[in-house]
Amino acid sequence: MGKPLTLSEKILYTHLWEGNASQAYERGNSYVDFAPDRVAMQDATAQMALLQFMQAGKSKVAVPSTAHADHLIQARVGAEADLQEGINKNSEVFNFLSSVCDKYGIGFWKPGAGIIHQVVLENYAFPGGMMIGTDSHTVNAGGLGMVAIGVGGADAVDVMAGMAWELKMPKLIGVKLTGKLNGWTSAKDVILKVAGILTVKGGTGCIVEYFGEGAQNLSATGKGTICNMGAEIGATTSTFGYDDSMRRYLAATGRQDVVDAADAIAEHLTGDAEVYANPEQYFDQVIEINLDELTPHLNGPFTPDLATPVSEFRAKAEANGWPLDVEWALIGSCTNSSYEDLSRAASIVEDAVAKGVKPKAILGINPGSEQVKFTAERDGFLDSFRKFESARIFTNACGPCIGQWDREGSEKGEKNSIIHSFNRNFAKRADGNPNTHAFVASPEMVAAVAISGRLDFNPITDTLTNQNGEQIKLDEPKGLELPERGFAVDDNGYQAPSEDGSSVQVAVSPTSDRLQLLEPFEPWDGQNITGAKVLIKAFGKCTTDHISMAGPWLKYRGHLDNISNNMLIGAVNAYNMETNKVKNELTGEYGEVPAVARAYKAAGVPTIVVGDQNYGEGSSREHAAMEPRHLGVRAVLVKSFARIHETNLKKQGMLGLTFVNPEEYDKIREDDTVNFLDLDQFAPSHPLQLEFVHSDGTKDLILVNHTYNEQQIGWFKAGSALNLIAEEARNNA
Ligand code: MIC
Ligand code: SF4
């Protein structure tokens, strides 16, 4: 490139599909083919990814790949019983995953082994590597200096099938960290602050690269936390340069060989000095945060970018009517369940116990992996939590973070607040109750709030009353970056695949309600789509949780027809401001979104979905694209898209379109008939014209943009990207 490079560019350019880089790509514009080193999948997305892979006609995966059973286990009474129940309830799916993995050479981490991103960090992530994963929080591996990117299952299929993986060359945001964390502030507060600055869409299409002495002062798992929650600002990924914290973590997790290899090329595993000295010249945007001055934050409710410093929280909560009493406080999720996190939160609990304070809220804990749990148990931290009678240690799994939480009383729908150390706090996500106000904070703040029972408790300034009626202050958290006696684990829960899996049978029962073999989607007929109806015009925030809810629906993640019954049931209909109530123009009656979509499909009437800004924010789940495809939606027209969702739509043969003039969203009426005028000339960089015919006979011509390149137009024409792969496999056979 003839100029100093950022770390992100070094990793991207050394992973070009073509091999040696021969040209510079334009950031934010050029589509580039990459060759990732590995693939990770979690159970809730792996089912669909692997059902698609089975259609690709390959006998083995082309790169090292793993699948992790972590999303399907519910948190109810406690680890042991919950895990057993999870296995019993999901055995069909776990057996399917175990056998597909065995057959195609994929490592399988069994239920209870841990949350995908902690397990990947402990075992597979390495400085300078590139990986993709079917989960938006794959980005966690940036904590070990990787470029790790969340994708839909169809993207994973490309890489597992030995093909190139395509991404638009990301833009770069540099975050310079100075100073050192102190007192109650933790790595989580860095990303809570960044989320407040950049908002949920500020990182779209960008890699966030952290640097500066402040970065070097953070632990590797702390870096992981920051990268992990970078998904919440829409960032393609986040990363840090190789440093001592990574050396320490790699060595502690049994990978001295990786340290030795990395040390031999250490200068290439971080950005060039000139870049970090003059970041404005090399990054598209630069942010600076002084860790010395950073204070604890609480983000929420309902969106992860609503950042409030603890000291300002009370006033803001009162002004907004947020409930201040807290019944539940939860520590865990892939972003904050490391040994260090548990040890720091445990120190708060120990301090409270020593000072005679009883907790007001229930504290729930999901350790990140069996290795973390086993070691924390050995070192007494889990016993520290157990000193609170009401504390619950749940399974090493996602649990409440993905709505796998049997919270007593949540069905009553009462207005209440919870606090957790997770990433996401969208409506209904944790307990299904739309009136639960969820706030995101560091594990140590979650512990402090659990003790006080109040969201507005500021441990830096406030006191608590102990059993003897005395006023006490909690000490600052203390923790251990890594276990002094090293990590330990008895059975880590890993199942290696067979060397030769050709004889392994993968059974999918035709009568199963959990798994369904996929039927290829219909190719495009070459005609303009005409006579389409507006299935729904979604108002405001429409995340993947609104489009394809998780929680109780996770059980249908391997059955496209069944899971389609949750399509868009959480989206607010702009015409009546209600959820799951849209007009069926064929009958004039209102019905549930999936039912109305099925009625249009049965009548042969195509439909479109209209949406607002950052449509499809959040998860990588491709169900949010496959369900509309399955139910006859042809196009999704929005003000703007989240990256992964837009790609998922393209992969599944849908049209993902954006308004040239976003205000034209307002012109679309409930009973419009929609005609494409020039889809038969669909070409890269050419806007398309859509005609909206209103019931009074008037019309609006709306110009829409798209970002499809030649190849992606090929996916649309073939009906899906997978149809093309399968065709090629047949041609080569
Ligand atoms: C999430 O945090 O929303 C999930 C569940 O991990 C998703 C993946 C999924 O929907 O299965 C994600 O973040 O990609
Ligand atoms: Fe699991 Fe939550 Fe992490 Fe998603 S964010 S992978 S649901 S722990």
Side-chain angles (χ1 to χ4, degrees), residues 40-49 67-75 93 109 111 113-121 132-141 148-153 155-156 191 224-225 227-232 234-235 237 304 330-338 341 364-369 372 394-405 420-426 428-430 438 440 543-558 563 566 570 616-627 642-645 647-648:
M41 294 162 280
Q42 42 87 346
D43 50 1
T45 50
Q47 298 171 59
M48 210 39 102
H68 303 253
D70 56 0
H71 280 61
L72 296 178
I73 302 152
Q74 207 185 33
V93 169
W109 290 82
I115 309 176
I116 172 169
H117 311 301
Q118 282 291 328
V119 173
V120 165
L121 199 73
I132 58 166
T134 60
D135 189 283
S136 63
H137 295 109
T138 304
V139 293
N140 187 60
I149 301 179
V151 297
D155 284 45
I191 186 62
T225 299
C227 293
N228 189 315
M229 203 178 155
E232 271 48 67
T237 190
L330 300 153
I331 294 175
S333 119
C334 53
T335 184
N336 267 125
S337 53
S338 66
D341 289 331
I365 294 137
N366 284 87
S369 70
V372 163
F394 294 126
T395 320
N396 316 317
C398 302
C401 179
I402 192 53
Q404 290 285 22
W405 185 23
H420 60 58
S421 71
F422 312 160
N423 291 306
R424 298 198 170 140
N425 54 356
F426 304 138
K428 295 194 199 173
R429 181 170 168 104
V440 184
T543 72
T544 45
D545 282 355
H546 298 78
I547 307 171
S548 174
M549 192 192 180
W553 290 90
L554 283 173
K555 62 172 178 291
Y556 297 124
R557 283 290 185 85
I563 195 151
N566 79 358
E617 159 189 356
S619 159
S620 68
R621 61 191 76 140
E622 63 199 327
H623 305 78
M626 295 178 89
E627 294 175 24
R643 173 189 61 90
I644 306 179
H645 186 63
T647 309
N648 285 344

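When a residue number appears, it is its place in the shown sequence, counting from 1. In listed order, ligands and their atoms are each counted from 1. Quick caveat, the model's predicted, so the values are computed rather than measured.
Look at H117 and atom 1 (Fe) of ligand 2: no N/O/S atom of the residue is under 2.8 Å from the metal.
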Test side-chain contact (heavy atoms from CB on, under 4.5 Å) applied to N425 and H420, step by step: CA-CA 9 Å; N425 54 356; H420 60 58; 4.3 Å; yes

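At a heavy-atom distance under 4.0 Å, only side-chain atoms of H71, from C-beta outward, approach ligand 2. With a 4.0 Å cut-off on non-hydrogen atoms, H623 does not touch ligand 1 at all. Using a 4.0 Å cut-off between heavy atoms, D135 contacts ligand 1 through both its backbone and its side chain. Contact annotation for R429 and ligand 1: only side-chain heavy atoms (C-beta onward) come within less than 4.0 Å of the ligand.
A parallel orientation is assigned to the rings of H68 and W109, their planes being inclined by less than 30° (bins at 30° and 60°).
If you number the atoms of ligand 1 from 1 as listed, the ones under 4.0 Å from a heavy atom of A44 come out as 11 (O). Listed by number with element, the atoms of ligand 1 under 4.0 Å from a non-hydrogen atom of T45 are 9 (C), 11 (O). The R557 neighbourhood of ligand 1 comprises atoms 9 (C), 10 (O), 11 (O), with distances under 4.0 Å to a heavy atom of that residue. Interface of H137 with ligand 1, defined as ligand atoms under 4.0 Å from a residue heavy atom, comprises 2 (O), 13 (O). Counting the atoms of ligand 1 from 1 in the order shown, those under 4.0 Å from a heavy atom of S620 are 12 (C), 14 (O). For ligand 2, the atoms lying closer than 4.0 Å to a non-hydrogen atom of H137 are 4 (Fe), 5 (S). Short contacts between ligand 1 and H71, defined as distances under 4.0 Å to a heavy atom of the residue, involve ligand atoms 4 (C), 5 (C), 6 (O).
Note: an N/O pair closer than 3.5 Å links S619 and ligand 1 by distance alone.
One side chain, N566 or S548, offers a donor N or O that lies under 3.5 Å from an acceptor on the other.
Counting protein heavy atoms only, atom 2 (Fe) of ligand 2 is closest to C401 SG, 2.3 Å.
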